[in-house]
Amino acid sequence: MTDTSTRQARIAWFERICGDLHERFVPLTDGEPASYIPELATVDPDRFAIAAVTTDGERVGVGDHDHAFTIQSISKLLLYGLALETHGRDHVLERVGVAPTGDSFNAIALDDDRNRAPNPMVNAGAIAITDLVVGATLDDRVEAVRSMYERYLGHRPEVDREVWTSERATGNRNRAIAYLMLSRGIIDDRVEQTLDLYFAQCSVLITADDLATIGATIANHGVHPVTGERVVRRDVTRDMLTVALTCGMYDYAGEWAYTVGIPAKSGVGGGIVGMIPGAGAIAVYSPRLDAFGNSVRGLRVFEELSDEFEMHVFDPDSPWRGTD
Ligand code: GLN
């Protein structure tokens with residue numbers, strides 16, 4: 001077989017696997033869409049997509065793979081990369097650590113010993129990271145985030161205005177976390193502006209295809225697999241993948257690392273992206289969540305894939321390990 005036909009055969013094979021998993025988990029209707037952000041409760045709970053993109057730009061998509069949903073906490077991973085790139089590790093580590101908490105993502109808890117937020121994947125850390133977005137005005141700062149998204153997505157991001165408004169109207173817990181950090185000198189005195197930006201970054205609309213492309217860019221050490229553009233610095237992707245593995249799945253992160261073992265990030269919109277360094281990324285979208293805030297079907301799909309295809313990053317027999 002030629003190279004191209006081998007490749008096509010592999011893609012077709014993986015598409016069949018994703019199709020089978022999709023079919024198998026459609027009947028799984030445990031969990032509920034997030035409702036603490038009222039607008040999120042209005043999504044169609046039955047939506048279900050699996051998408052994958054390889055580091056050389058091949059793609060697979062089954063189910064509702066082009067249906068848009070809000071990125072939510074998955075944005076935290078991208079903003080973390082932006083902060084590291086803009087300010088460097090030391091500056092970022094002064095405000096936000098890298099230790100998993102075992103607490104829920106919206107816990108009102110800081111690292112008191114070091115006077116910083118525990119990690120960039122819980123809301124406290126993410127808000128502190130958003131505070132680090134540079135710009136004199138809200139517009140400048142929105143632009144910085146927008147152009148970051150544009151590089152990942154290959155197009156201008158759209159914000160779900162209803163979700164944004166809904167988060168703004170009801171995000172008092174995040175407000176409490178932010179003001180606590182202001183009182184401790186962890187973030188600057190522009191709390192409402194930073195929260196506005198944080199809510200906007202969470203309300204960006206993506207599809208499962210987009211999410212897999214974002215993940216594949218990170219798995220490809222920062223180079224977009226389709227446009228070939230460098231989106232984020234190579235050394236920074238190492239730190240992004242590390243916190244994804246240790247903190248990406250909320251307080252389920254430890255079990256996830258043990259059983260699935262794929263650096264991943266989930267969002268309460270129902271998305272999960274898993275990144276296999278050097279190989280590519282898989283995205284699942286299904287809005288019914290478990291008590292941790294992770295997509296129920298998403299979890300099952302990743303468990304199956306990791307198990308059957310040796311995708312755990314520490315699997316000694318992993319066939320997925322990239323070479324570059
Ligand atoms: N915007 C959401 C919040 O701050 C994001 C949380 C999430 O996806 N876990 O509550």
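Order of appearance sets the numbers: ligands from 1, and atoms from 1 within every ligand. These numbers were taken from a predicted model, which means no experiment stands behind them.
Between V268 and ligand 1, at least one N/O pair is under 3.5 Å apart. Below 3.5 Å of separation, one finds no N or O of K76 facing any N or O of ligand 1. For a threshold of 3.5 Å applied to N or O pairs, the pair formed by E167 and ligand 1 contains at least one separation below that value.
Atoms of ligand 1 found under 4.0 Å from any heavy atom of N123, numbered from 1 in the order shown, are 3 (C), 4 (O), 10 (O). The ligand atoms of ligand 1 that sit less than 4.0 angstrom from a heavy atom of F105 are 6 (C), 9 (N). Atoms of ligand 1 found under 4.0 Å from any heavy atom of Y250 (numbered from 1 in listed order, with element): 7 (C), 8 (O), 9 (N). Remark: ligand 1 atoms within the under-4.0 Å shell around heavy atoms of C202 are 1 (N).
When non-hydrogen atoms are compared, ligand 1 lies under 4.0 Å from the side chain of N174 (C-beta onward) but not from its backbone. Within the 4.0 Å heavy-atom criterion, neither part of F199 lies near ligand 1.
The number of heavy-atom neighbours closer than 6.0 Å to CZ of R89, taken from other residues, nucleotides and ligands shown, is 12 or below. Under a cut-off of 6.0 angstrom, the local environment of CZ in R114 is sparse, with at most 12 non-hydrogen atoms contributed by other residues, nucleotides or ligands.
The closest protein non-hydrogen atom to atom 4 (O) of ligand 1 is Y198 OH, 2.7 Å. In terms of protein heavy atoms, atom 10 (O) of ligand 1 is closest to Y36 OH, 2.6 Å. For atom 8 (O) of ligand 1, the nearest non-hydrogen atom of the protein is S73 OG, 2.7 Å. The shortest contact between atom 5 (C) of ligand 1 and any protein heavy atom is with Q72 OE1, 3.2 Å.
Ring geometry for H87 versus H91: interplanar angle under 30°, hence parallel rather than tilted (30 to 60°).
For the pair G267 and ligand 1, a heavy-atom separation below 4.0 Å is found.
The closest side-chain heavy-atom distance from F48 to V301 is below 4.5 Å. Here the side chains of R288 and D30 are not in contact, with every heavy-atom distance at 4.5 Å or above.
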Let me see the working for F292 and Y250 under ring pair (Phe, Tyr, Trp, His ring centres under 6.0 Å), right down to the final yes or no. CA-CA 7 Å; F292 294 100; Y250 312 125; 8.6 Å; no

One pair to check against salt bridge (Lys or Arg N to Asp or Glu O under 4.0 Å): R297 and E23. What are the steps and the verdict? CA-CA 11 Å; R297 284 174 176 156; E23 205 178 312; over 6 Å; no

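With T70 as reference, L205 is the one residue of V204, V43, L205 to meet the side-chain contact (heavy atoms from CB on, under 4.5 Å) rule.
Remark: the T54 side chain and the D56 side chain contain an N/O donor-acceptor pair separated by less than 3.5 Å.
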